[in-house]
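We name chains A, B, ... by the order of the sequence lines, and we start the count at 1 in each one.
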Number of protein chains: 2
Amino acid sequence: MALVKVAIAAFDDIRPFHLSVPCAVFGEAAGAEPLFDVRVCAAESGELRSHAGFTIGTHHGLRELERAQIVVVPSWRDAHEPAPAPLLASLQRVHRRGALVVGLCLGAYVLAEAGLLDGRRATTHWRWTEQFAQRFPQVQVDPGVLYVDQGNVLTSAGTAAGIDCCLHVVRREFGAEVANRIARTLVVPPHRQGSQAQYIEQPVLAATSEGPLSKTLGWAARHLDTAHSLDSLAARAAMSRRSFTRHFRQHTGTTVTQWLLSQRLMLAQRLLETTAQSIERIAERAGFGSALSMRHHFSVAFNTTPSMYRREFRGG
Amino acid sequence: MALVKVAIAAFDDIRPFHLSVPCAVFGEAAGAEPLFDVRVCAAESGELRSHAGFTIGTHHGLRELERAQIVVVPSWRDAHEPAPAPLLASLQRVHRRGALVVGLCLGAYVLAEAGLLDGRRATTHWRWTEQFAQRFPQVQVDPGVLYVDQGNVLTSAGTAAGIDCCLHVVRREFGAEVANRIARTLVVPPHRQGSQAQYIEQPVLAATSEGPLSKTLGWAARHLDTAHSLDSLAARAAMSRRSFTRHFRQHTGTTVTQWLLSQRLMLAQRLLETTAQSIERIAERAGFGSALSMRHHFSVAFNTTPSMYRREFRGG
DNA sequence: CTGGAGAGTGGCCCAAATGACATAATTAGT
DNA sequence: ACTAATTATGTCATTTGGGCCACTCTCCAG
């Protein structure tokens, strides 16, 4: 079978991780044969230096990029800096030709500048979605997904969501089984469900988000020392138990107890790290009924005991 | 605050993803200030060409590597090829000096060759754990974790587990809060609990794994068309319901129903992709009670309907 | 005006998940 | 060999998660 040609646009000051995500997913052979012909193409002239300091050398340029069936813009160095005109022109040509154009992370900015997203839905890194929406009002930003598939234009949320997006492309081309096999090789969940929201919960809480649910969660996170039940929280949010769980799952991607537990664990971690309080006292402040209970949850989640954790942190 | 010096060993034919994982985690500033001084150091002379084709240029070498407080070997090109002697010597020196040495993925082979893992526990990519255990009998391989912390020597499981491992290092140095902030920026779960087993479930099933649990899971995966309850599966595994759930969680990292659901969804995906059967028929074969139920689960998990999924796959 | 589709909500209820605790089995230490 | 300690397993009770259905509200087309 002929390999599918994938071109990845490289630019100066690119973060190596962004560059390497499509390399890893598309470059991973599923079984004996490789599936894609991956080429890193310089989108700018001159020496390309990665954000981590090393230089990136490639013989391919925009000419090569335009030959590909899948073109990936794996981010962009600065949300404020306009993308170079030649790259935009190439993307437009390749898009007209019917190729699949993928913008990972800030790569969505480049696609938007090229006009490929006009009137379409898109997403980008959560830290930039608002700024993006202001700058490109003609694009409908969906901050609540890991990637957006619009047929021949795809955009992904921040950094690691690019993995999910590229896996999705593989799934479209070769099916879920091949994509899953690659995911297993990379030791990555085959399909992360839910939005990027679950990974940015904290800042969302910090901001005075609207909605009875966000408010309730914020309140709960600030009052971890007391016991909370699903019902008490639902009551505080002025919802039925049923609706509360539904919204909760929709919003955070997990269940109430799991979220509560992870909040408690995170607080306990912080107290263990930053204070000298006794385990017993910390267990109390983090809302575990007893030190025994905390110990148990610690060992399940982190595979250590609280005291070991503290010692390890101090020592390291 | 003085930056913590991190050195990453680069070699010819390195996979860019492996190289970039420590770059991404340690190079990510948490807040305004960067925390680490990250340098990519050539572990071999001559031009370094990445697995994806582009070349990697750096001025730093092993001399620079030995100055670091944290040294990362982000994999190795081939499990069968011995690592170069100068690199091994450098690692030994830096380890004696008390620096932290981290071996990601196949990097564990390099650490083992350098003798840093003798008498210790370690892990590596699941595809190589057996071979590793045979080659280095003096190392206790733990295939069931994402990373192993042995004080000043760390090893991680395959590829993306390197992210978890590096985040763990950050946590040790600067605390859970800083690590969580970086994880959020990278849109990565702050702490994946459970083993790499959950990401490799399929091959485990395919092999005739021992143990009543694996057998039962394999059987269930082959008989998805019928309904299964927790009790029926527990009975088949000849365990009490409680023990069954406990072992299940231990082994797979999820709960029984979730696992069953994801199995059903995967089968449905495959059938939608590879057959022309009706949705109704597929729902039946995949063990969803009704097409309605399947539609529901599809929209929750993949954010589309079964027919949309099929159309999209055909079109792409 | 009306009937129907679709979204949001709450109630009911069962199965699943998990904590608490008891008991057996295994290991380690003396 | 005896006992303490740890670990595996079981029982019971409680809470949670979520499927299912009915109800309401809104919007839209006929």
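- In the 5' to 3' direction, nucleotides of DNA chain D lying under 4.0 Å from heavy atoms of chain A begin and end at D/dT16 to D/dC20.
- Summary for the helix from C/dC1-D/dG30 to C/dT30-D/dA1: the axes at its two ends, each from 5 pairs, differ by 30° when rounded to the nearest 10 degrees.
- Partners of B/Gln258 according to the side chain to side chain contact (heavy atoms under 4.5 Å, CB included) rule, which considers only residues two or more places apart in sequence or in another chain, are A/Arg249, B/Thr254, B/Thr255.
- In this structure, A/Arg127 has no salt bridge (Lys or Arg N to Asp or Glu O under 4.0 Å) partners at least two apart in sequence or on a different chain.
- For the OP1/OP2 pair of C/dG19 and a distance below 4.0 Å, the side-chain nitrogens and oxygens of A/His297 include at least one atom meeting the criterion.
- The stretch residues 271-280 of chain A participates, sequence neighbours left out, in no salt bridge (Lys or Arg N to Asp or Glu O under 4.0 Å) pair at all.
- Every residue was checked against the side chain to side chain contact (heavy atoms under 4.5 Å, CB included) condition with A/Ser262, not counting sequence neighbours, and none meets it.
- Legend: residues meeting side chain to side chain contact (heavy atoms under 4.5 Å, CB included) with B/Arg285, ordered by chain and number and at least two apart, are B/Leu271, B/Gln277, B/Arg281.
- Taking atom CZ of residue B/Phe248 and atom P of nucleotide C/dT18, one finds them 12 Å apart after rounding to whole Å.
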Exercise for the section: At under 4.0 Å between heavy atoms, which parts of nucleotides 9-16 of chain C does protein reach? Answer with one letter per nucleotide, 5' to 3': B base, S sugar-phosphate only, - none. Expected result: BBBBB--B

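- Under the ring-ring contact (aromatic ring centres under 6.0 Å, His included) criterion, no residue pair touches residues 262-284 of chain A, with sequence neighbours excluded.
- For residues 254-269 of chain B, the set of pairs meeting the salt bridge (Lys or Arg N to Asp or Glu O under 4.0 Å) definition, not counting sequence neighbours, is empty.
- Sorted by first and then second residue, the salt bridge (Lys or Arg N to Asp or Glu O under 4.0 Å) pairs with a member in residues 223-245 of chain B read B/Asp231-B/Arg241; sequence neighbours excluded.
- If you measure from atom CG of A/Leu261 to atom C1' of C/dT18, you get 11 Å, rounded to the nearest angstrom.
- Judged by distance alone, with hydrogens and angles left aside, the side-chain atoms of B/Thr226 form a donor-acceptor pair with the main-chain N or O of B/His223 at under 3.5 Å.
- Under the side chain to side chain contact (heavy atoms under 4.5 Å, CB included) criterion, B/His247 pairs with B/Leu213, B/Met239, B/Ser243, sequence neighbours left out.
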